[in-house]
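Here's the structure we're looking at; comments come further down.
Lettering of chains follows the sequences in order, A, B, ..., and the numbering in each one begins at 1.
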Number of protein chains: 2
Amino acid sequence: MATLTTVTVPVPRSDKGEATRAAIATAAQALFLERGYDKTTMRAVAERAGVSLGNAYYYFGSKEHLIQAFYDRIQVEHTAAAEAALAHETTFAGRLRGTLTAWVDVAEPYHHFAGKFFKVAAEPASPLSPFSPESAPAREASVALMARVVDGADLKVPATVRGELPELLWLAQMGVVLFWVHDSSEGRRRTRQLVDRAVPLVDRLVRLTRLPGVRGAADDIVALVRSLRA
Amino acid sequence: MATLTTVTVPVPRSDKGEATRAAIATAAQALFLERGYDKTTMRAVAERAGVSLGNAYYYFGSKEHLIQAFYDRIQVEHTAAAEAALAHETTFAGRLRGTLTAWVDVAEPYHHFAGKFFKVAAEPASPLSPFSPESAPAREASVALMARVVDGADLKVPATVRGELPELLWLAQMGVVLFWVHDSSEGRRRTRQLVDRAVPLVDRLVRLTRLPGVRGAADDIVALVRSLRA
DNA sequence: GTCTATAACTAGATAGAC
DNA sequence: GTCTATCTAGTTATAGAC
């Protein structure tokens, strides 16, 4: 159980501060895309933003904090791109595939420094960890998106399973992200293959939970997941 | 598909070099345990080892390379500890549980800096990534251990499933490690609970693959895993 | 060629004045 | 809020010793 720690995030109180903060974030994003994370120095970010090094640190506690903006950006873009797919897909498999493929599309421009990205996110103490309190809004938004995948679909499964499905699908998405990070094929061809092949499988597994022999096991999985959240 | 990159590892050619290398690794391990990863400086490691800073870098390309020794140590200790459990367990569930619990026991002393550990391992380009070529020996040893879990057990499942089971169980172990890294409960109580609850579930799921309706899905999973390895 | 050492460089982070 | 000056520690360059 994570102890709840208070994190001091310098939220700008004035309009001027807001503008400065945005300038720094924008400069960082541009430089990360141009040169990648490692080759972008805090000094270069500050210079491009037109502020001093010390001032950049006033708004962002560390270089890693500048990454959070990408997290948020991808999340927002993904939701928009997924909605387009969800609008015309009615089957569970179609909706899930559309949503996952939309993520791969949206994330592509950032792949070349996704390693650093992921590295930071993997540290438990990091606010960028997908399990951290700070990431709760983005995580909940992603789970909510998976809920929309399930809700609009032609899916008949036990209520217990259905209730936990969005969170389980989010976890599956984390698995896709893990694969994607390691995928150096052109255009993330291999990740797309993984999605195309795994989705029908997931579809099949989910529907199998209606089988008497399988349902008990599925309920146990649900109970386990619930107990881990506590 | 990972491109095969040549990695220059300075393997000492003389006995003296070997001794120096060992002294540095030993000093690093002691300091990491005493103060943690972040608070251990390369200068401190060099000093404790009785060598210059530059010399430390001659043997270890970066501070992160010093972590590899822990990887190897845990792997060796885990195999030994697991053998003890495997010697008197005959059921699949018992053998799996003993092996996973042995890992939690062995890894406990290193938990306080496991975050850094994991952070480094999460970067795809890192030689410490569990999927990297450099980690192949340790990974293969872990998979081989899982093969021993399966081989000595009372398990009747389709041959296709059985063939991939060691690797799938290794993947499950990675999941336990991920949970463990984030687990701040005393004595890793929650991770142990996870193992205790998940093992019977895995046992049940594996045996379910004999059901006609489930077997097809299981074969698809096996096929997917195989295609991803290519 | 294999090792080892010293000095210098780089960039993330902090302290304190304004 | 913003700046300048400074600190720290990972890393590299390079010269020389075995």
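- What separates CG of B:L66 from C1' of D:dT11 is a distance of 13 Å, to the nearest Å.
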With 3.5 Å as the limit, what N/O pairs link the protein to nucleotides 6-10 of chain D?
from, atom 1, to, atom 2, distance (Å)
D:dG10, OP1, B:K63, NZ, 2.8
D:dG10, OP2, B:M42, N, 2.7
D:dG10, N7, B:R43, NH1, 2.8
D:dG10, O6, B:R43, NH2, 2.9

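- When rounded to the nearest whole Å, the span between CD1 of A:I24 and C1' of D:dC3 equals 13 Å.
- Contacts classified as side chain to side chain donor-acceptor pair (under 3.5 Å) and involving residues 163-176 of chain B (residues at least two apart or in different chains) are given here: B:E164-B:R226, B:E164-B:R229, B:E167-B:R229.
- Distance B:E47 CD to C:dT6 P: 12 Å, rounded to the nearest Å.
- For the OP1/OP2 pair of C:dT4 and a distance below 4.0 Å, the side-chain nitrogens and oxygens of B:T20 include at least one atom meeting the criterion.
- No cation-pi contact links A:R21 to A:Y58, judged by a cut-off of 6.0 Å to the six-membered ring centre and 45° from its axis.
- In this structure, B:Y58 reaches the C:dC3 phosphate: one of its side-chain N or O atoms is under 4.0 Å from OP1 or OP2.
- Of all non-hydrogen atoms in A:A122 and B:A122, the two that sit nearest each other are CB-CB, 3.3 Å.
- At least one donor-acceptor pair closer than 3.5 Å links the side chain of B:R188 to the backbone N or O of B:D183.
- Both B:G50 and A:G54 lie close to DNA chain C; mapped to their nearest nucleotides by heavy-atom distance, the more 5′-ward contact belongs to B:G50.
- One interatomic measurement links the two molecules: OH of B:Y59 to P of D:dT12, which rounds to 18 Å at whole-angstrom precision.
- One can place CZ of A:R35 at 10 Å from P of C:dA11, the figure rounded to the nearest angstrom.
- Side-chain N/O atoms of B:N55 include one lying less than 4.0 angstrom from OP1 or OP2 on C:dA5.
- Taking the six-membered ring where the residue is Trp, A:F32 and A:F113 present tilted rings, their angle falling between 30° and 60°.
- Results of the ring pair (Phe, Tyr, Trp, His ring centres under 6.0 Å) test with B:Y110 over B:F70, B:W103, B:Y37 single out B:F70 as the only residue that passes.
- Listed nucleotides C:dC3, D:dC3, C:dT6 differ in distance to B:S52; the shortest reach to its side chain belongs to C:dT6.
- Residue pairs meeting the side chain to side chain donor-acceptor pair (under 3.5 Å) criterion with at least one member in residues 38-49 of chain B, sequence neighbours excluded, are B:E34-B:R48, B:D38-B:K116.
- Between B:F60 atom CZ and C:dT4 atom C1' the separation is 15 Å, expressed in whole Å.
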